[in-house]
Every structure is written in C-alpha cells, then in structure tokens.
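For the numbers below, each heavy atom of this structure counts, side chains included, while hydrogens, waters and symmetry mates do not. On a predicted model such as this, the values are computed, not experimentally measured, just so you know.
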Amino acid sequence: MKRSSAAILSSIVLLSTISISGDAPQAASGAQPIFGFRDSAAENAAEARFLAVPDPRLAEEHLRTLTQVPHMAGTPEDKATADYVAQKFRAAGLDTQITEYKVWFNYPLEISVDVTAPAGVVMHGPTREHVEGDPYQDDPRVVMPFSGMSPSGDAEAEVVYANYGTPDDFEKLEKLKVSVRGKIVLVRYGQNFRGVKAFVAQEHGAAGVIIYSDPFDDGWRRGDKYPEGPWRPDTGVQRGSVGYMFEFPGDPTTPGTASLPSLPASERISPAHSAQMPKVMVTPVSYHDAWPILQHLGGPDSPREWQGSLPFTYHVGPGPVKVKMHLKQDFQFRTLWDVTGRVRGSEHPDEWVVAGNHRDAWVYGAVDPNSGTAAMLEAAHGLGELLKSGWRPKRTLIFASWDGEEEGLIGSTEWAEQHASELTNAAAYFNMDVAVSGQKFGASSVPSLKQFLRDVSKAVPSPKGGTVYEAWEKADQPGAPSTQSPTEAIGDSRRMPAAPVKGEVPVGDLGSGSDYSAFLQHLGVPATDVSSTGSYGVYHSVFDNFAWFKKFGDPDFVYEQQMARIFGLEALRMAGADVLPYDYEQYGKEVIAYLEAAKKRAEDKLGESATDFGPVMAAAHHFQDAGAKIMSKQKNPPRDLDRLNQVLRATERALLVPEGLPQRPWFRHAIYAPGEYTGYAAVVIPGVNEALDKGDAERAKQQLAVLTAALDRAARVLDGYR
C-alpha cells in the first residue's frame, strides 16, 4: 500500500545542526591568481571558507536518508526526497521552490518472459534480484525489472542473439543470412544506449527485444560479485528507459514546451505519434535468466568477438529456442517535482549559473544519482556558510534537484524549456549525476570550459593527498589501472580525439545521458559534467543501495566531500567571476581537429572530390583566431566588462543551428549531439558526421555549409568586441 508523501516525509529524520569540521584545506589555492578575477585574494579567501565546510559525516547522513526507501520518479517516496532537499536548501539560505510537471511515462503492471520451446527448458523469471545478506532487496516497493517507455504487448517467437545490438551487429547477422524480422532479439548491455538497441531492432522488424547484462561486461569477468565484490551478481538486472531520447529528451508529448500542469491537452501531441516512443516491446533480464536462452540457441556460432562469459559457445539462432514476452505497462500522466534553490546575484541578477543533479532513482540509487544529491547538498551547505559571512555571488546562482531523469531527462528538460528566455543570459550549467562510484576523478565539458575545470580541480584537495588535479593526472598516465566497466565506456568511432593541451589532463566531450542535454544541445548554455568513478557493477539494480556504497563506493565519504567541493567551486567561481573564464581559442583548435578527422572519413567513404572542406576549415581557423584575440582581452580586462561578458556568452549560442539537426530538430548544437546510433557518446560536428555515416554526399555538402555558417557566426560575435 502506498503511503502519502507527508507520512513518508515525517518518517525521515531531519539532520540536526552539526558544526563544520576542520579548517580550510591545506591544498586549497592560497594566494594564487584565478583567471577571470580582478581580486584573486578576496576570491581565494571566500574559496578557502567554502572548502572547509563540506563534511563527510553530513554527506553520509544525506545519502542514508535519501536512499532509505526506493524512490522512483512520480512516487510518494520521490516526493518525500524532494521535500528533504527543499528543507536543506532553505536551511542554507536559498530561495527555494518545488515546481511540478505533468508528464507521460509508465510503471509496470505485468512483466513476464518464458521459454516455450524446446520442451524442458525453463527460465526462472520474472527475475527476483536476490543475494545472501543484502538488507535492502526485499522492500515491497522495489519495482520489478522493466524498461521505461516500452509499449505493452505480447509476442512469441524464435530468438536471435545480436550481441550489443549496434548497427554493425545487425549488419553481421545479415551477412550470416540470419533475419530478425518477426523474431525476438536478445542483446546485451554495453556499447550504446539501450534505446538505440530497441531502435535498431525496430528498424529491422523485430517482434521484441530482451536486454541482459553479460558477466563479461559487469559481472564475474570483471571481479568478485556483490556482496563479496562490487560487480553484478547473477540475478542483478539493469532497469532503464528505452525512450528514443536521441530524437528529443523530456516529456514525450511536449517537445520544446514545458509540461506544466496547466498546459492544455490541445498543446500536447499524442503519445502514439511521439517520435520518442518505441514501437517494439523491450524488457531487461539478468544473466541468470538469459543463460537458458543462450545455452539452447542453435544456428551459426556467433562471431568470436560476440562471445560473452557464460560457460558455453554462443550461437546466433534463430531458435530452436522460442520465447514468449508478455508486457502490460501502466502509462499515465504523472507528477514530477523539481526543486530549485537560488541566491540572487548582487551585480548581474539576470545572468544565471545553474548547478544540477537528478534525485529520482530506479530503486534506491545510492550511486546513481544520490551520491550526487548528497554532494550537492554539502555544496549548498558550504554556500550557506558563505552567505552567513556576508558573501554574495555577482550572478544569480541556482542549485537544482531534477526529477524524472531516468525516464528521459524529463525534469531538467521541462525546466529548461520553461525558462528558455531567461537562460539566454546563463553563464553555465554544471552537472553532476553519478558523483561517486569510486576514486578516479573524471570530467567532460564544452572546450571553452575544459581549462576552467582543470583549474578548479587544482584548487581542491584529494583524499589521496595533493590536489584532485594531481590525482587525476596520475590516474591518466599510460599503464594506470582502469576500473571502469565496459558498459560505462560507451564507444563511438565518431568521437574524434580532442586537440591535446600540452601538459594538461584531457577532458572529455559531452554526448547525452544526463541533465546537461537541454542546456547545451537545445539552448547553447556552456556545460560541464563531473564524477569520480570506480568498479561499479550494480548500475540500475536493487543492489545500488546504501550497503553497496558503504562497502565499495566510498566507505568514509571522503570522495563525496571531494565532489561537493569540486561541484560547489565550479558554481562559485562562475557566479563570482569578473570576466567569464571561457577559452574559445581552444574551442577552435578542437573543432579543427574534428574537421581534419571528418575530412579523412569523407575521402575514405565518398572519394577525395566529393566534398570540399576548404570553406569550413577557413571558418574554423577564423573562429580559433577570434578566440585567441578575445583571450588577450580576458587576461587584461577592460573597464567595459559587461560588454565583454555579453560577447563571450553569445558565442556559444551562435553555434546553435536554428533549424536543428536533420530529422532531429530539437538538437540544435552544430558541434555536439548524442549519437543517433550510440545515444550516450558525443558525435562531434554531428550534421556532417551522420551524413558521412549514411554515405550521403549531398547531405554532407549541405551540412558542411550549415557548419560553416555556424562557425562564421560565432567568429563574427567574437570579432564584434573591439
């Protein structure tokens, strides 16, 4: 039985006031000059005060409280976590509000997968996730494994194994003369977004899709299984949305429009006509339940690179195994709750700096996402102490706790669409999703903020000693051990290597899969994403809970403290900077590197004379040169800072393409988009590269012209400052 959110909230023990621990960290930046500040001494003093505040004990209490019960989006338990976050924001002195959105998504009613042939082959589903000794797995509110946004339906058919379900995998099946039309396709997690697996299977006429987690990817092949180790146990299942977020994220019925409760039904599109909604049924299972299906498949041996870690040779089918899928979903318009807390800027209140993390989880979500929520709350705690001292940000600073991220980046997208006009003046969006699953710091960003990220990491102490940057640099050295699961390392041949910065740690590019998408790729707000990663095999399962986190993620919560400092310092520096710390010279260098790689691809695929990269190369070099010139102004700022900052803010927006990407108009950024066939990984200069993927010379020419125009616009904006 569901309890009211008020009853659940009353059961949450609110934290008593605890004095902050320690003085300013010794590894803080001291009296070092900070790019973008005229008075580095005052900023250093404020930062030292802030860095002393985030407390591992408080972070642990936040995480324990937030993850004491399952809190899937739209549930009363989810509302209770919204109320908890709002209470903490208010305690820090932030002007706090909870905004409701009415959005379309599903909960499961009946989910079953059964082997119907050959006789005697038995599955054990629907999977009950269970290991010996986990204290959280038996809560009746744990939702059964299911796929968000999957349609209902019934299908019984032979099974075909399609590896990771990439376009290349389906092409290999065709070469083996194995058709998936009318079949149920079994694919494993990894290499691309689960919704892309469904999309490609749908394109090939599959009757249904079953996704499982192979032990090769995040189970025993990686190390000891939970509870002995951090990797996925036999019965662990990865839930997740299969909505086509590479078409557009957010509420499926309101692309480009905020799904406020007051929105008339006439202004929504029918879910049946939404490009985001799959037509093919999809559901996940554990490798425990995929085992009998794979073990009894016939047909050709799978390509050897398709072999997982179950103890038999994988075959592709079709059959003789037949499977019956029965999915009954409960789709409704449900309420989500975004929580925002803001501090009005003292000098530029209309310029926003937004720092966000999502709060909803498929089950408990100790790592994903509430390690980020706990860190954000400690960053807000530090901000509150600064506010008590009389400090104020120059720009309006907003901390945001998003809802409905797991269903399709919904809360952040709806809020960004609601505030699109105000966000035309935003200085940055800072994202933190999985804040801590281990000890290895990493970050992704638009090129203009990559050095900014490095500089922030140089000012924050690492639990390993020295600074976060020094630990990051050491972990990035050749031969350093990798703890990343292959299911996290989503690859894409179109992720071109960035132009390296000599002597600096590389920073990744932004694709999708988290809440920066609407800000960067729809509205052109510069964005970053930060995390601290490790051996993490319980993603989106019941075992991503406080017990796992306390044992394997961050037992002493010192990396939570680190991430609170990184996240908060990003926001404080951007909100207080005299000159916005963007580097458009480096942006230009990276675009040139992307173009050089795309030019080689075009020559290989279409021939040397099919496309002319001359004009776009000239535009990119113009952009780089204009970035270098304005950097000299940033380092020696004039009196007219408002005009300089206006130009700097407008440059990223100039890279937006008004008509959007071909077939995906919601995505408007000319340089970065989620891959149409990866979903997570960034496709750089997407219009051009996706035309090359299709071997379409005419479209490539047209998209080169669009990209040239965008780079010329951005360069002219920079040139306009004299």
Chi angles and distances behind the side chain to side chain contact (heavy atoms under 4.5 Å, CB included) call for M563, M432 = CA-CA 9 Å; M563 296 309 296; M432 185 167 57; 4.1 Å; yes
inquiry  = Rounded to the nearest 0.5 Å, what separates atom OG in S150 from atom CZ in R194?
reply    = 12.5 Å
ask   = Which value, rounded to the nearest 0.5 Å, describes the distance between L336 atom CG and D78 atom CG?
value = 7.0 Å
message = Distance check, rounded to the nearest 0.5 Å: L109 atom CG versus M144 atom CE?
response = 7.5 Å
note = Between V367 and S437 the two heavy atoms that sit nearest each other are CG1-CB, 3.7 Å
inquiry  = Closer than 3.5 angstrom, by distance alone: can the side chain of T396 be matched with the main-chain N or O of W352 as a donor-acceptor pair?
reply    = no
inquiry  = Could you go through V460 and L569, starting from their C-alpha distance and side-chain angles, then the distance that decides it, and tell me whether this counts as side chain to side chain contact (heavy atoms under 4.5 Å, CB included)?
reply    = CA-CA 8 Å; V460 175; L569 200 56; 3.8 Å; yes
message = Before we go on, tell me: are the rings of F557 and F549 under 6.0 Å apart, centre to centre?
response = yes
ask   = Can you tell me if D544 uses its side chain to pair, donor with acceptor, with the backbone of G365 under 3.5 Å?
value = no
ask   = Ring centres of F146 and W362 under 6.0 Å apart?
value = yes
task = Return yes if some donor-acceptor pair links the side-chain N/O of D554 with the main-chain N/O of Y559 below 3.5 Å, else return no.
result = yes
key: Distance-minimising heavy-atom pair for E405 and S514   = OE2-CA, 3.6 Å
inquiry  = Please determine whether side chain to side chain donor-acceptor pair (under 3.5 Å) holds for the pair N357 and T373, giving the CA-CA distance in whole Å, both sets of side-chain angles, and the decisive distance to 0.1 Å.
reply    = CA-CA 6 Å; N357 155 265; T373 312; 2.6 Å; yes
ask   = Can a donor-acceptor pair be found between the side chains of Y287 and D234 at a distance below 3.5 Å?
value = yes
task = For Q561 and P54, work out which heavy atoms get closest and say how close.
result = NE2-O, 2.8 Å
ask   = Where the side chain of K225 meets the backbone of R232, is there a donor-acceptor pair that is under 3.5 Å apart?
value = no
query = Is a side-chain N or O of R565 found less than 3.5 angstrom from the main chain of L51, in a donor-acceptor match?
reply = yes
task = May I ask you to test the P227-E132 pair for a side-chain heavy-atom distance under 4.5 Å?
result = no
query = Should R64 and E60 count as an ion pair when the cut-off is N to O under 4.0 Å?
reply = yes
ask   = Taking C-beta and beyond as the side chain, do Y164 and D217 meet within less than 4.5 Å on heavy atoms?
value = yes
task = Indicate whether any N or O donor in one side chain lies under 3.5 Å from an N or O acceptor in the other, for H540 and E406.
result = yes
message = Using the rule given for ring pair (Phe, Tyr, Trp, His ring centres under 6.0 Å), can you reason through F105 versus Y107, listing the C-alpha separation, both sets of side-chain angles and the distance that settles it, and then say yes or no?
response = CA-CA 7 Å; F105 62 96; Y107 295 157; 5.8 Å; yes
inquiry  = With a 4.5 Å cut-off on side-chain heavy atoms, are V434 and T533 touching?
reply    = no
query = Is the NZ or CZ atom of R359 both under 6.0 Å from the centre of the six-membered ring of W337 and within 45° of that ring's axis?
reply = no
Side chain proximity check, T235 to R128, heavy atoms < 4.5 angstrom = no
key: Reference residue Y226; test ring-ring contact (aromatic ring centres under 6.0 Å, His included); the match among Y136, W220, Y539, F543   = F543
Distance-minimising heavy-atom pair for L397 and P393 = CB-CG, 4.4 Å
Any donor-acceptor N/O pair, T678 side chain to N192 backbone, under 3.5 Å = no
task = Answer yes or no: is there a donor N or O on one side and an acceptor on the other, between the side chain of K551 and the main chain of P230, under 3.5 Å?
result = no
task = Check whether any side-chain N or O of Q137 sits under 3.5 Å from a backbone N or O of V131 as a donor-acceptor pair, and report yes or no.
result = yes
task = Tell me yes or no: between the side chains of D515 and Y429, is some donor less than 3.5 Å from an acceptor?
result = no
Donor-acceptor pair, side chain of T75 and main chain of H71, under 3.5 angstrom = no
task = Applying salt bridge (charged side-chain N to carboxylate O under 4.0 Å, His left out), run through K388 and E385 and close with a yes or a no.
result = CA-CA 5 Å; K388 290 176 186 177; E385 294 301 315; 3.2 Å; yes
ask   = Quick one: which of N431, D368, N370, D338 gives a side chain to side chain donor-acceptor pair (under 3.5 Å) with H358?
value = D368
ask   = Would you find more than 12 non-hydrogen atoms of other residues, nucleotides or ligands less than 6.0 Å from R221 atom CZ?
value = no
query = For P56 and D556, which heavy atoms make the closest approach, and how far apart are they?
reply = CB-O, 3.5 Å
message = I want to check something: taking the side chain as every heavy atom from C-beta on, are T254 and E414 in contact at a cut-off of under 4.5 Å?
response = yes
query = For K328, does the NZ atom sit with more than 12 other heavy atoms under 6.0 Å from it, leaving out its own atoms?
reply = no
query = Should D403 and K79 count as an ion pair when the cut-off is N to O under 4.0 Å?
reply = no
ask   = Any donor and acceptor pair, going by atom type alone, linking the side chain of T528 with main-chain N or O of S445 inside 3.5 Å?
value = no
Derivation and outcome, side chain to side chain contact (heavy atoms under 4.5 Å, CB included), residues E407 and V103 = CA-CA 10 Å; E407 279 67 21; V103 303; over 6 Å; no
task = Find the distance between OH (Y536) and OG (S371) and round it off to the nearest 0.5 Å.
result = 8.0 Å
query = Would the F441 and W472 ring centres measure less than 6.0 Å apart?
reply = yes
request  = Cation-pi check, R188 to Y212: give yes when NZ or CZ is under 6.0 Å from the six-membered ring centre and within 45° of the ring axis, no otherwise.
outcome  = no
query = If we only count heavy atoms from C-beta on, is the H130 to D138 side-chain gap below 4.5 Å?
reply = yes
Minimum heavy-atom distance V436-E560, with the two atoms named = CG2-OE2, 3.3 Å
task = Apply side chain to side chain contact (heavy atoms under 4.5 Å, CB included) to the pair E47 and L572, showing each step before the final yes or no.
result = CA-CA 8 Å; E47 290 187 7; L572 296 181; 5.6 Å; no
inquiry  = Is any side-chain heavy atom of P145 closer than 4.5 Å to one of I111?
reply    = no
query = Does any non-hydrogen side-chain atom of Y364 lie less than 4.5 Å from one of R141?
reply = no
Straight-line distance of L327 CG to S147 OG, nearest 0.5 Å = 8.0 Å
query = Aromatic ring centroids of W415 and Y101 under 6.0 Å?
reply = no
